[in-house]
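What follows is a set of notes on a single structure, which appears directly below.
Keep in mind it's a predicted model, so treat the numbers as computed, not measured.
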Amino acid sequence: MTDPQELKNAIHDRFDKLTISRVNTQLSMGIQPEGVVTYEVSEQGDARRKLLRVEKQAIKDKELNQKSQQNYIDSIRTLVHQELFKRIETIIHDEENLLTQVLGYDERLTELLDLLAVRASSISKIEPAAANMPWLYEDIIKMVNSPKYKRYDARGKVVVLENFKVALSFLGIDNLKMVVPTLAFKRWLPQITDPYPEIKKRLFETAIGTSVSCKKIASLSDVNDDQAFLLGLFHDVGKLVITRLYFKHFEEIQREALIEAHDNKKREEHSALSQITPSDEYIISLYDQFAYKISAGLIERMKFKRIYIANAMKEFSQNIPITKMSPMTRVLAQGVAYNKYRMLKVNKLISLDESKDFLRQFAFPKGALSLLKTTDLRQLDIELDQN
């Protein structure tokens with residue numbers, strides 16, 4: 001049987017790889033991605049076999065030269081990333097800057113989410129706070145008029161909602177507790193992640209899947225399910241920050257180095273710098289070192305008065321045994337683990353035995369796995385009064 005901690009680490013690493021690139025994750029596991037032609041059956045492979053019969057030594061020399069060149073490129077890549085890590089390590093200590101400038105957190109969101117958390121909350125009470133954020137006004141109006149939620153009048157004509165208060169009422173308080181933070185999270189997603197376009201999609205899938213999982217588990221755990229949802233949604237804001245910083249500063253450092261190499265007429269170095277691209281391995285290393293700690297710091301800096309998730313996120317970031325976690329932290333750990341399992345399963349990156357051994361480590365409450373098995377983790381569980 002696989003060591004539990006080794007399995008847990010392997011699953012977490014595999015999930016982070018999936019976040020960045022599904023194909024790279026498959027290759028790292030020895031799985032041949034669909035649609036990728038193997039070298040042996042390619043035209044290049046045929047040509048190479050012919051060449052090997054007539055130019056063995058020439059090919060061998062070429063390979064040695066290519067290997068030497070690749071080693072040099074790898075050394076340049078390492079130097080670039082050493083500088084990148086130094087810059088990020090300096091930047092992440094300024095949490096206020098991370099929250100407002102890097103993540104783009106709207107401080108008015110704290111007031112609105114606190115209002116939504118009050119048991120006696122109403123549309124009349126939250127509407128002024130919500131209306132103060134133009135981006136939220138636009139996103140809510142766009143959402144309620146989307147094909148998924150459109151309504152018809154008695155004559156079969158589509159009803160267009162343009163009044164903000166009416167739109168809020170249409171969604172209702174319970175749905176807004178999920179919709180408002182989700183729309184905010186969507187705005188924080190990194191936009192430029194070439195050559196890994198999947199990151200934005202995976203981070204959002206993770207946020208939704210984890211938040212829905214936490215909400216379901218909390219309903220069986222004597223934990224506030226609305227706050228568990230918010231914790232599950234926001235637990236990865238550190239990854240959003242790291243991703244934004246990584247791609248911004250990689251491009252910045254590469255550009256600076258190219259200019260310096262050009263000015264100093266270092267042609268080989270300039271050529272190598274031109275060939276390096278962002279690295280999934282280095283991004284994952286940054287995630288491992290900083291992501292959850294950043295999440296804990298930023299959630300605390302959001303300064304909620306009626307939402308009590310900061311301590312749970314801090315505890316979660318400390319990676320303590322699940323048996324020693326507080327109830328809210330345990331729900332987060334279980335929600336994170338279950339969503340990772342489901343996303344890996346959907347992408348055929350986890351075996352049945354691995355799944356059982358992995359989930360067993362999180363001591364889910366009775367009935368939770370059965371409930372989660374029938375839950376759609378790809379979208380919010382929104383119920384509307386269509387009357």
Side-chain angles (χ1 to χ4, degrees), residues 3-17 19 85 88-99 102-103 105 110 181 185 188 203 206-207 209-211 213-215 217-218 221-225 227-243 245-246 282-305 307-341 357-365 368:
D3 177 76
Q5 189 59 48
E6 286 184 6
L7 175 62
K8 186 185 293 186
N9 292 341
I11 295 300
H12 291 335
D13 181 67
R14 194 181 305 169
F15 184 81
D16 282 343
K17 282 187 171 71
T19 299
F85 270 56
I88 289 181
E89 286 178 337
T90 300
I91 294 168
I92 61 175
H93 295 297
D94 186 351
E95 291 181 345
E96 186 63 29
N97 177 65
L98 294 185
L99 184 67
V102 179
L103 187 65
Y105 186 79
T110 293
F185 187 93
W188 303 334
L203 287 172
T206 299
T210 303
S211 60
S213 295
C214 287
K215 187 175 178 68
I217 296 167
S221 308
D222 196 28
V223 168
N224 184 298
D225 60 344
Q227 301 208 9
F229 172 91
L230 190 61
L231 178 58
L233 186 72
F234 283 4
H235 88 282
D236 253 353
V237 291
K239 283 186 179 177
L240 303 187
V241 166
I242 288 295
T243 306
L245 289 175
Y246 176 88
Y282 282 103
I283 298 172
I284 290 171
S285 179
L286 286 166
Y287 284 171
D288 287 342
Q289 291 183 60
F290 305 118
Y292 286 151
K293 291 178 182 177
I294 291 174
S295 293
L298 296 193
I299 289 175
E300 184 175 18
R301 193 160 288 271
M302 290 174 188
K303 298 178 181 178
F304 295 115
K305 295 179 181 179
I307 295 170
Y308 310 104
I309 61 174
N311 287 340
M313 187 64 228
K314 184 176 181 180
E315 192 176 80
F316 181 75
S317 72
Q318 295 168 347
N319 197 30
I320 64 176
I322 195 162
T323 54
K324 297 182 179 180
M325 290 179 177
S326 63
M328 180 67 83
T329 309
R330 189 179 305 119
V331 167
L332 175 60
Q334 291 164 341
V336 168
Y338 187 80
N339 180 66
K340 286 182 177 180
Y341 148 71
D357 291 342
F358 176 64
L359 293 176
R360 191 179 293 121
Q361 297 183 49
F362 293 90
F364 286 85

Quick check on Glu300: does its CD atom have over 12 non-hydrogen neighbours (other residues, nucleotides or ligands) under 6.0 Å away? no

If you count the non-hydrogen atoms of other residues, nucleotides and ligands that lie under 6.0 Å from NZ in Lys314, is the total more than 12? no

How many angstroms lie between atom [atom1] of [X] and atom [atom2] of [Y], to the nearest 0.5 angstrom?
{"X": "Lys8", "Y": "Lys340", "atom1": "NZ", "atom2": "NZ", "value": "10.0 Å"}
{"X": "Met302", "Y": "Glu95", "atom1": "CE", "atom2": "CD", "value": "11.0 Å"}
{"X": "Lys17", "Y": "His12", "atom1": "NZ", "atom2": "NE2", "value": "13.5 Å"}
{"X": "Glu89", "Y": "Leu245", "atom1": "CD", "atom2": "CG", "value": "12.0 Å"}
{"X": "Leu233", "Y": "Thr206", "atom1": "CG", "atom2": "OG1", "value": "11.0 Å"}
{"X": "Thr210", "Y": "Asn339", "atom1": "OG1", "atom2": "CG", "value": "3.5 Å"}

To check you understand the geometry: which heavy-atom pair defines the closest contact between [X] and [Y], and what is its length?
{"X": "Gly335", "Y": "Cys214", "result": "CA-SG, 3.8 Å"}
{"X": "Leu332", "Y": "Gly232", "result": "CD1-CA, 4.0 Å"}
{"X": "Tyr287", "Y": "Thr243", "result": "OH-OG1, 2.7 Å"}

Check whether any side-chain heavy atom of [X] sits under 4.5 Å from a side-chain heavy atom of [Y], and report yes or no.
{"X": "Val102", "Y": "Asn97", "result": "yes"}
{"X": "Tyr292", "Y": "His235", "result": "yes"}
{"X": "Ile320", "Y": "Thr329", "result": "no"}
{"X": "Ser211", "Y": "Phe229", "result": "yes"}
{"X": "Asp288", "Y": "Asp16", "result": "yes"}
{"X": "Met328", "Y": "Tyr308", "result": "no"}
{"X": "Ile88", "Y": "Ile92", "result": "yes"}
{"X": "Phe185", "Y": "Leu240", "result": "yes"}

Would you find a donor on one side and an acceptor on the other, under 3.5 Å apart, between the side chain of Asp236 and the backbone of Lys239? no

Do Ser295 side-chain atoms and Gly238 backbone N/O form a donor-acceptor pair below 3.5 Å? yes

Quick one: do the Asn311 and Glu315 side chains pair a donor with an acceptor below 3.5 Å? no

Show your working on side-chain contact (heavy atoms from CB on, under 4.5 Å) between Gln334 and Ile322 and close with a plain yes or no. CA-CA 9 Å; Gln334 291 164 341; Ile322 195 162; 4.1 Å; yes

Sole residue of Phe316, Trp188, Tyr105 in ring pair (Phe, Tyr, Trp, His ring centres under 6.0 Å) with Phe234: Trp188

Could you go through Asp357 and Gln361, starting from their C-alpha distance and side-chain angles, then the distance that decides it, and tell me whether this counts as side-chain hydrogen bond (donor to acceptor under 3.5 Å, both in side chains)? CA-CA 7 Å; Asp357 291 342; Gln361 297 183 49; over 6 Å; no

Just checking Phe362 against Phe358, ring centres under 6.0 Å apart? yes

